[in-house]
Structures are given as structure tokens and as C-alpha cells.
Amino acid sequence: MDYRRTYVRDLFSMPPGSSTSAYGWVKTRRDSKGVSFVQLSDGSCFRDLQVVIEAGSIPEEQLKLLTTGACVRFDGEVVASPAAGQAVELKATGVEVFGPADPTHYPLQKKGASFEFLREIAHLRARGNTFGAVFRVRSQASFAIHKFFIDRGFHAIHTPIITASDCEGAGAMFAVTTLLETPPHEEPEAVLKARPYLQDFFEKPAYLTVSGQLEAETLALGMTNVYTFGPTFRAENSNSVRHLAEFWMIEPEMAFCDLDGNMNLAEEFLKEVIGFLLERCAEDLEFFNQRIEPELLTTLHHVVESPFERMTYSEAVKLLEASGESFEFPVSWGSDLQSEHERWLTEKKVGRPVILTDYPKEIKAFYMRLNDDDRTVRAMDVLAPRIGEIIGGSQREERLEVLERRIDELGLPKEAYWWYLDLRRFGSAPHAGFGLGFERLLMYVTGMKNIRDVIPYHRAPGQAEF
RNA sequence: UGCCGCAUAGCUCAGUCGGUAGAGCAGCUGACUGUUAAUCAGCGGGUCGUAGGUUCGAGUCCUACUGCGGCAGCCA
């Protein structure tokens, strides 16, 4: 056995008469008087292979083992199918059962199960249509993202996953410590209190990263265009269909780039990645369009073909105030937009992705470049129909005095930012970048409604099985 | 974390006014020469999430707890 062999995907284009083997897992078996049919899947593509087993061609006791979930190899001949539903099929001459699956205990069945149930058996769900398709799209999307940046001369960089500075300011963090190596019955809280952090592994508090942005900026101011694509952790107690405690984030950072350039990159990025997937994952996306989100292909093509709407936060607030809609939360300049506001803008008002810019400085991070009005910053959020905010970014504050003033205003520990401020002290440059949640992109592209269903094993409050 | 909802067969669900539980699928047995979520006949399958309470009687009403889901917030 070798990975270089025929996959189910390949069988569909083999000429009738070819002798071959097919490895995979049984989805269903249908029996008739003199013939049985097995749907075989190996995850190499969306389609199943129909295997035809004529009576007597394999031993009766082997046939009985071919139940849903069983892992097998069929040997046989590719033949033109006489029935509708598939062009070719495999006429079996032999079978080897690698792993039977007792049908009275195997939790999957040929009929669909709820996503909630499948989450509980996440170790088996990749065998079904939906999750096979999700994870194939995830793989291709990952490739498309790297290709997009590498094609444009960006350098892939790896920012640290463990960070010893509490200054990223993007939400609650997971502590990283070796102080808990003592057995739990020795009361870890007491241990933590009794022993100063000086005795911990890093000799200071350490955390899992919530963003690689600040580190990415340091590489951009030396290598010009860089990007990260790695795991990110947020310890927020958030229980929603679009948040995870562990997720993958893409963060490009560009020197000699302003907010307009940043918006151009974000728009190009979404268009190219989605366009790539429309081509490369056509069968999988067709499935999502039929079974998950009826408007999927229409909206994806629309995103690829039409320019994104761009407006300032202030313009958006005016539109919302004039909308006549009765929102649960009132709209007023200076407060952050609620989900319902973002949804109205992108779904009802514009009907395609919208980029909002120039938010009030009070509701955005300290590192965003201050506008001349001294009230707004060069921030941008890309909002997409169905899922809301998909990208958040900004032009960064490159002026040392302004950045120091912002840090002081917000009462942040300036000493901790010494290296970040050094960038502005020595050879500072206008620069910009954004962050994109990989799983949010996958939700958008597949139409899946819950972020927990676009990652193999989700991490959320109280959820760390597998 | 707040609000709302749900929890009944392996899965998806129904269960009326409170009267000791039902369907489809899956499983098992059989029928059928090519099926496509095959079809047809028969069979088995339940401590109704847990613990209390009200009642002659609770799947059904009440309380608490647990689990899950949705919405909101936090954001990517």
C-alpha cells in the first residue's frame, strides 16, 4: 500500500475496462435479489463511487460486513454504468474488509443527522457529505490564501504563539505557566499565590497570543510586505455562532501603505480567494448551495464581480439614522455599531460587502492612526452579508509622539511597548494591515451557520473534547 | 456573562385537556435481477436528562440542577 494509488476521485475518469482497486468507507449498501450496491467514499472528492457486487462475486460473509462505516478495499473493473446517477461504476471481483463497523453501535447512518449531534461525534463526522466538503474547502482555502500573498511578493512569517507581553489588547488571554506542574490536589491557587512569577518558566506572566499584529509590524518595517497565518486564542467567555477560543487568523502587514491600499488588498484578497474556491471546489460548493444556503453561489459570484461599497463610519451612522428602521439599540455617533446595524447596512442597504472606515478613536485600538480631526482613526471593518464583520484592520500610527500620547491617554504601560515604540523611533514608515478570521471566511464561503462546524475540533467555553 | 428555548427509542421527531408511550428512518428476519436517502412484509427496541414537589394519578404542571442550542455582548 502506498499513497500513490488510485483514489475514488481518479476512478471517474478511467476508461471502462480498467482493472483497479478502490479504498474507502462504506456509506450505504442496497441489496436486491441478485446484486448489491455499495456507495464508497474516501474523501478525495465529493462524489461517492458506486460499487456493484453481483451475487456470488464475493463471499456471503464478506458481503454482510459491508455496512455503513465499514472500511474496505474493492478490487474490480471500471465499467460504464447502465443506470442513471453515475457515468461509471466499479464492478467488484474481490473485497478486503480492513475494519468492520457494527451497525447496531455505529452512530452514523445514511440519513442525515443534526449538526449538534455530529459535533458530539466530531471524530466520525468527516465521513459524511457535509463535513468532508467543509474540510476539503478549508484545505483549498488555506492554500489559496498562501498563494494570494506569495504571488504578490509577501513573506510568510511566524509570530510567537506564546507571548510574554500583556499589551496586545485584543481581549482576555489564556495564561501559560509551569507553576501548575504540581499535582492538582496541592491546590494550584495557593501555589500561584505563594510563588511569584519570577519562579515561572518565563520569569514573567505569559499568555497565548491574541494577535500577531504587533510582531508582524516589526517584520513589515524591514521586509515591507509580510503576513501571518496561524492559531490565535481568546479566553473570552463568549458563546456565539461566530466565536471560538482557538481559531486561525490571517494578518497581512504592509509598509508604505495607507488605508486605501489596505482596503484594496482586503477586497482583492476576498475576491481572489473566493474566485479560486469557486473554480477548485465547484462540486463541494454546489452541495452547500443545494443543501446549506440556497443563495450561496449567487452571493459568492456577486462578491467576486462587484466592487465593495466604501463609506466612513460617520456616513454609515447618517444612513442608519435616516433608515426609518426600529433598531433594538439606538444609533448615535460615537458608539459602536451593533450586529443589527451592520446587518442592515450590508444586507438591506447595500446588498454586498461594505467597508466602513474612520471610526471614533474611543472605540478602536490605540495603534490606529489618528486623523487630523483628532476624533477619528484610520480604521476599517469589512462587513459581509450573512456573517457581519469578517475583516478588521487599520493604518497604523507611525508618529512616535502621537502614539505615545495615545498610550498615555489610555493608561497603557508604555514601558512594555518599548520595542513597538522603537519602530517609530528608528526608520518609521507609513504602514497598514488587517486581521481576518479564517473560520469566518469559511462560514462565508460554505454557508455554514455555526463557526464550530468549519473547524475539525472546536474550542469554546466548556468545549475541549477530542 | 445576560435573556430565551429545548431535553421522549440508535437518529429525527409527534405525544391534544394530567389518565402508565407513538411514527419515520436505522437495526434484525424475509421478499424482490440494476438500485440511487431503493422498495415491500414482519420483528425487537423506552427508568420520557437528574433530583424534588403538586396530584388519586405526571412525558405533560411547579422548583432546582445538569447538558445542549439560539440571540445579545465581546470580536476575527
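Just so we're clear, the structure is a prediction, and the values are computed from it rather than from any experiment. Throughout, a chain's letter reflects where its sequence line sits, starting with A, and its residues are numbered from 1. Side chains are part of it too, since the values below use all heavy atoms of this structure and drop only hydrogens, waters and symmetry mates.
- Residue A:N450 has a polar side-chain atom (N or O) positioned under 4.0 Å from OP1 or OP2 of B:G70.
- B:C25 sits 14 Å from B:C43 when the P atoms are compared, rounded to a whole Å.
- Here, B:G73 and B:U36 have their C1' atoms 47 Å apart, quoted to the whole Å.
- Phosphate proximity of B:U12 to A:S114: present, with a side-chain N or O under 4.0 Å from OP1 or OP2.
- Proximity note for A:Q50 (side chain, C-beta onward) versus B:G69, B:U35, B:G73: the nearest is B:U35.
- Within the 4.0 Å cut-off from OP1 or OP2 of B:A76, not a single side-chain nitrogen or oxygen of A:Q213 is found.
- The side chain of A:F117 has B:C11 as its nearest neighbour among B:C11, B:C75, B:U35.
- Put simply, A:T28 has a side-chain N or O that comes within less than 4.0 Å of OP1 or OP2 on B:A38.
- In this structure, A:K91 places its NZ atom 13 Å from C1' of B:U33, rounding to the nearest Å.
- At the phosphate of B:A38, OP1 or OP2 sits under 4.0 Å from a side-chain N or O atom of A:R30.
- For A:Y207 and A:F174, the ring centers are positioned 6.0 Å apart or more.
- Look at CD1 on A:I387: it is 14 Å from P on B:A72, rounded to the nearest Å.
- Here the side chain of A:Q463 is nearest to one of B:A76, B:C68, B:A72, namely B:C68.
- The gap from the P atom of B:A37 to that of B:G44 amounts to 30 Å, rounded to the nearest Å.
- Counting any heavy atom pair closer than 4.0 Å across all strands shown, A:P107 reaches no nucleic acid atom.
- Distances from the side chain of A:R119 to the nucleotides B:C25, B:G69, B:U36 place B:G69 closest.
- Rounded to whole angstrom, the span from the CD atom of A:Q338 across to the C1' atom of B:C75 amounts to 13 Å.
- Taking CZ from A:R127 and OG1 from A:T68, the interatomic distance works out to 11.0 Å, rounded to the nearest 0.5 Å.
- Out of B:C28, B:A76, B:C68, the shortest distance to the side chain of A:M249 is found at B:A76.
- Residue A:R47 is tested with A:E89, A:E283, A:E286 for a salt bridge (charged side-chain N to carboxylate O under 4.0 Å, His left out); the sole match is A:E283.
- For A:T104, the listed nucleotide lying nearest its side chain is B:G27; candidates were B:G69, B:A26, B:G27.
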(message) Checking A:F247 against A:I455 for the side chain to side chain contact (heavy atoms under 4.5 Å, CB included) test, could you report, in this order, the C-alpha distance in whole Å, the side-chain angles of both residues, the deciding distance, and whether it holds?
(response) CA-CA 8 Å; A:F247 63 99; A:I455 189 168; 5.6 Å; no
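- Residue A:R343 has a polar side-chain atom (N or O) positioned under 4.0 Å from OP1 or OP2 of B:A72.
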(request) Run the numbers on A:L403 and A:Y420 for side chain to side chain contact (heavy atoms under 4.5 Å, CB included), then give the verdict. (result) CA-CA 10 Å; A:L403 187 58; A:Y420 191 67; 3.9 Å; yes
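- In the set B:U36, B:G70, B:A72, the nucleotide with an atom closest to the side chain of A:F329 is B:A72.
- Comparing A:L337 and A:G462 against RNA chain B, the residue whose closest nucleotide sits nearer the 5' end is A:G462.
- B:C3 and B:G46 have their P atoms separated by 39 Å, given to the nearest Å.
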(request) Show your reasoning for whether salt bridge (Lys or Arg N to Asp or Glu O under 4.0 Å) applies to A:K91 and A:E77. (result) CA-CA 5 Å; A:K91 187 176 167 184; A:E77 185 186 335; 5.9 Å; no
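- Scanning atom types as modelled, one donor and one acceptor separated by under 3.5 angstrom connect the side chain of A:Q86 and the base of B:U36.
- Side chain A:E54 to base B:U33: no donor-acceptor pair is found below 3.5 Å.
- A 3.5 Å limit on both hydrogen-bonding distances identifies B:G30 as the Watson-Crick or G-U partner of B:C40.
- B:U60 and B:G18 have their C1' atoms separated by 6 Å, with the value rounded to a whole Å.
- With centroids closer than 5.5 Å and planes inclined by less than 30 degrees as the test, A:F438 and the base of B:A76 fail to qualify as a stacked pair.
- Of the candidate nucleotides B:C28, B:G69, B:G10, B:G10 has the atom nearest to the side chain of A:Q109.
- Using Watson-Crick or G-U wobble geometry with both donor-acceptor distances under 3.5 Å, B:U1 finds its partner in B:A72.
- With rounding to whole Å, A:L356 atom CG is found 16 Å from B:C75 atom P.
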(request) List the steps, then state whether ring pair (Phe, Tyr, Trp, His ring centres under 6.0 Å) holds for A:F269 with A:F149. (result) CA-CA 9 Å; A:F269 173 87; A:F149 287 118; 5.5 Å; yes
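- One C1' atom belongs to B:G27, the other to B:C11, and the distance between them is 12 Å to the nearest Å.
- Put simply, CG on A:D381 is 8 Å from P on B:A76, counting in whole angstrom units.
- In this structure, A:R452 reaches the sugar-phosphate backbone alone: every heavy-atom distance under 4.0 Å involves primed, P, OP1 or OP2 atoms, never a base.
- Rounded to a whole angstrom, the distance from the C1' atom of B:U54 to that of B:A14 is 27 Å.
- Side chain of A:R242, nearest nucleotide from B:U33, B:G73, B:C71: B:G73.
- With the nearest nucleotide of RNA chain B identified for both A:P103 and A:I451, A:P103 has the one nearer the 5' end.
- Residue A:I390 is in sugar-phosphate contact alone, with no base atom involved, counting any heavy-atom pair closer than 4.0 Å across all strands shown.
- Side-chain atoms of A:R352 come within 3.5 Å of backbone N or O of A:P307 as a donor-acceptor pair.
- Panel note: side chain A:Q86, backbone A:V88; no donor-acceptor pair is recorded below 3.5 Å.
- Rounded to whole Å, the distance from CG on A:N239 to C1' on B:G67 is 12 Å.
- Base engagement by A:A84 is indicated by at least one non-hydrogen atom pair under 4.0 Å involving a base atom.
- B:U50 and B:C68: their C1' atoms are spaced 15 Å apart (whole Å).
- Listed nucleotides B:G70, B:A72, B:C68 differ in distance to A:V241; the shortest reach to its side chain belongs to B:G70.
- For the pair A:L118 CG and B:G69 P, the computed distance is 13 Å after rounding to whole Å.
- Across every strand in view, B:C65 sits in a pair with B:G49 that passes the Watson-Crick or G-U test at under 3.5 angstrom.
- Taking atom CD on A:E246 and atom C1' on B:C75, their separation rounds to 17 Å, with Å as the unit.
- Residue A:R440 has no polar side-chain atom (N or O) positioned under 4.0 Å from OP1 or OP2 of B:C75.
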